[in-house]
Amino acid sequence: MSQDAAASQVGAGQFAGRVAVITGGARGQGRSHALELARQGADIALVDRCADLDTVTYPLATSDDLAETVRLVEAEGRRCVAVEADVRDLDAMVAFVDGVVAELGSVDILIANAGISTLGSIVDMDATQWSETVDVNLTGVFNAMRAAAAHMRRNRWGRIIAISSMMGRSANPLIPAYCASKWGVIGLTKSVAHEMAYFGVTANVIAPGNISTDMIHNDMLYGLMRPDLESPTKEDVAGPMTSLHVQPVPWLEPEEVTAAVVFLCSEGARHITGSVIDVDAGASARFTA
Ligand code: NAP
């Protein structure tokens with residue numbers, strides 16, 4: 001929608017008349033972003049693959065998860081489109097975003113959030129383990145941007161937010177593909193920010209710390225954190241998780257990332273582009289200037 005049209009809806013929620021596309025919106029952080037943007041007036045379009053992957057050793061989202069996000073958005077009185085598709089498939093992403101424009105009228109906000117977390121040693125990682133992680137976490141972000149950017153450029157307004165990680169600006173052992181993909185998201189987004197700066201479109205990155213979702217609360221990650229224990233529990237991993245942060249908290253809630261999403265989508269952030277916002281309980285104090 002045009003900037004004038006948006007301005008005329010002040011009072012109806014700061015995102016009234018806007019349409020937000022969220023990848024990986026079935027659960028976790030994506031669901032939190034969808035609900036808050038809807039509460040603040042946006043219509044929502046969700047894409048999620050809703051199937052497990054061989055190289056991911058924790059359960060991914062389901063069709064029921066996606067349907068539940070739709071139900072929650074609609075309960076806020078907003079329209080919601082949801083499609084089961086894979087962010088690795090460029091043609092599917094272009095068809096999805098074009099369909100959103102046809103049905104909801106525009107694409108104003110893109111939250112490129114879908115991602116997977118994988119483990120593997122550089123000594124014996126196979127090609128599929130590497131490529132599935134990079135394809136979802138980096139190529140998937142490219143595909144979403146590629147599908148949305150032309151619409152935003154035409155409208156002379158847009159907010160692109162890519163979700164990286166504190167591991168996108170630092171490193172830990174045994175997650176080389178995850179680190180590489182999340183570092184790549186930052187370079188990709190900064191280049192897009194440059195290109196789109198002339199068209200009223202901002203592109204920024206959020207780099208979360210440990211966020212309390214299924215991505216961290218699972219046996220794979222618990223085992224990585226406490227290799228000394230056979231079946232580590234949530235309590236067992238709280239200490240090592242806290243040590244990744246600077247503030248003494250093991251994990252943050254998805255809503256804390258959503259607060260940064262809302263800010264970056266707001267008019268107040270119109271001159272913030274090409275930036276990385278760390279929502280990581282101070283972890284970045286150790287590694288960024
Ligand atoms: P989550 O609950 O696992 O959510 C990720 C979502 O992405 C799932 O719904 C997943 O479901 C979807 N997805 C994965 N592969 C997909 C694909 N190929 N196509 C479409 N959708 C796909 O985890 P989360 O914590 O909310 O993660 C959100 C983002 O934050 C991710 O990019 C993650 O890397 C990043 N992050 C998380 C943490 C953390 O501690 N949780 C920290 C830093 C960064 P399906 O695969 O079933 O579609």
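In what follows, every heavy atom counts, from backbone to side chain, and hydrogens, waters and symmetry copies are set aside. Every number for a ligand or one of its atoms is a count from 1 in the order of the listing.
Under 3.5 Å, the side chains of Thr62 and Asp64 contain no donor-acceptor pair of N or O atoms.
Taking 4.0 Å as the cut-off between side-chain N and carboxylate O, Asp135 and Arg88 do not count as a salt-bridged pair. Look at Asp43 and Arg18 and you find no salt bridge, because none of the NZ, NE, NH1 or NH2 atoms lies under 4.0 Å from a carboxylate O. The residues Glu74 and Arg71 are annotated as not salt-bridged, no charged nitrogen and carboxylate oxygen being separated by less than 4.0 angstrom. The existence of a salt bridge linking Arg27 and Asp48 is excluded, since no basic side-chain nitrogen approaches an acidic carboxylate oxygen closer than 4.0 Å.
Other residues, nucleotides and ligands place no more than 12 heavy atoms under 6.0 Å from the CG atom of Asp219. For Asp228, the CG atom counts as densely surrounded, since its 6.0 Å shell holds more than 12 non-hydrogen atoms of other residues, nucleotides or ligands. Applying the 6.0 Å contact sphere to CZ of Arg146 captures no more than 12 heavy atoms from other residues, nucleotides or ligands.
Protein heavy atom in closest approach to atom 22 (C) of ligand 1: Ala114 CB, 3.7 Å. Residue, atom and distance of the protein heavy atom nearest to atom 15 (N) of ligand 1 are Val136 CG1, 3.5 Å. Nearest protein neighbour of atom 44 (C) of ligand 1, counting heavy atoms only, is Ser164 O, 3.1 Å. Closest protein heavy atom to atom 42 (C) of ligand 1: Gly209 O, 2.9 Å. Looking only at heavy atoms of the protein, atom 4 (O) of ligand 1 is closest to Arg27 NE, 4.1 Å. Looking from atom 19 (N) of ligand 1 to the surrounding protein, the closest heavy atom is Val87 N, 3.0 Å. Protein heavy atom at the shortest distance from atom 45 (P) of ligand 1 is Asp48 OD1, 3.0 Å. Here the heavy atom of the protein found nearest to atom 27 (O) of ligand 1 is Gln29 NE2, 3.6 Å.
Using 4.0 Å as the threshold, Arg31 has no heavy atom nearer than that to any atom of ligand 1.
Using a 4.0 Å cut-off between heavy atoms, Ala207 makes no contact with ligand 1 at all. For Tyr178, every heavy-atom contact with ligand 1 shorter than 4.0 Å involves the side chain, none the backbone. For Met167, no heavy-atom contact with ligand 1 is shorter than 4.0 Å. Looking at Cys50 against ligand 1, only its backbone comes within 4.0 Å, counting heavy atoms. Counting heavy atoms closer than 4.0 Å to ligand 1, residue Ala85 contributes backbone atoms (N, CA, C, O) but none from C-beta onward.
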Check the pair Glu84, Ser63 against side-chain contact (heavy atoms from CB on, under 4.5 Å), reporting the backbone distance first and the verdict last.
CA-CA 8 Å; Glu84 291 190 15; Ser63 301; 2.7 Å; yes
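At under 3.5 Å, not a single nitrogen or oxygen of Ile116, backbone or side chain, sits near a nitrogen or oxygen of ligand 1. Between Asp86 and ligand 1, an N or O atom pair is found at a separation short of 3.5 Å. On a distance-only criterion, Ala61 and ligand 1 share at least one N/O pair closer than 3.5 Å.
Evaluated by nearest non-hydrogen atom to atom 23 (O) of ligand 1, the leading choice among Met215, Arg49, His217 is Met215. The heavy atom nearest to atom 14 (C) of ligand 1, considering only Gly115, Gly24, Ser181, Pro59, is found in Gly115. Between Val185, Leu252, Thr213, it is Thr213 that holds the heavy atom closest to atom 24 (P) of ligand 1. Atom 39 (C) of ligand 1 has its nearest heavy-atom neighbour, among Ile211, Leu244, Ile111, in Ile211. One option in Ile163, Asn113, Val141 has a heavy atom closer to atom 32 (O) of ligand 1 than any other, and that option is Asn113. Between atom 43 (C) of ligand 1 and the options Ala112, Ala51, Pro208, Gly168, the minimum heavy-atom separation is to Pro208.
For Asn113 (side chain) and Ile163 (main-chain N/O), no donor-acceptor pair under 3.5 Å exists by modelled atom type.
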Taking only distance into account, with no hydrogens and no angle test, what donor-acceptor pairs under 3.5 Å do side-chain atoms of residues 189-203 form with protein atoms, sequence neighbours excluded?
from	atom 1	to	atom 2	distance (Å)
Thr189	OG1	Val185	O	2.7
Lys190	NZ	Gly274	O	2.8

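For residues 259-289, the set of pairs meeting the ring-ring contact (aromatic ring centres under 6.0 Å, His included) definition, not counting sequence neighbours, is empty.
Checked against a 6.0 Å centroid threshold, the rings of Trp251 and His245 do not count as neighbours.
Only one option out of His33, Glu253, Glu36 pairs with Thr258 in a side chain to side chain donor-acceptor pair (under 3.5 Å); it is His33.
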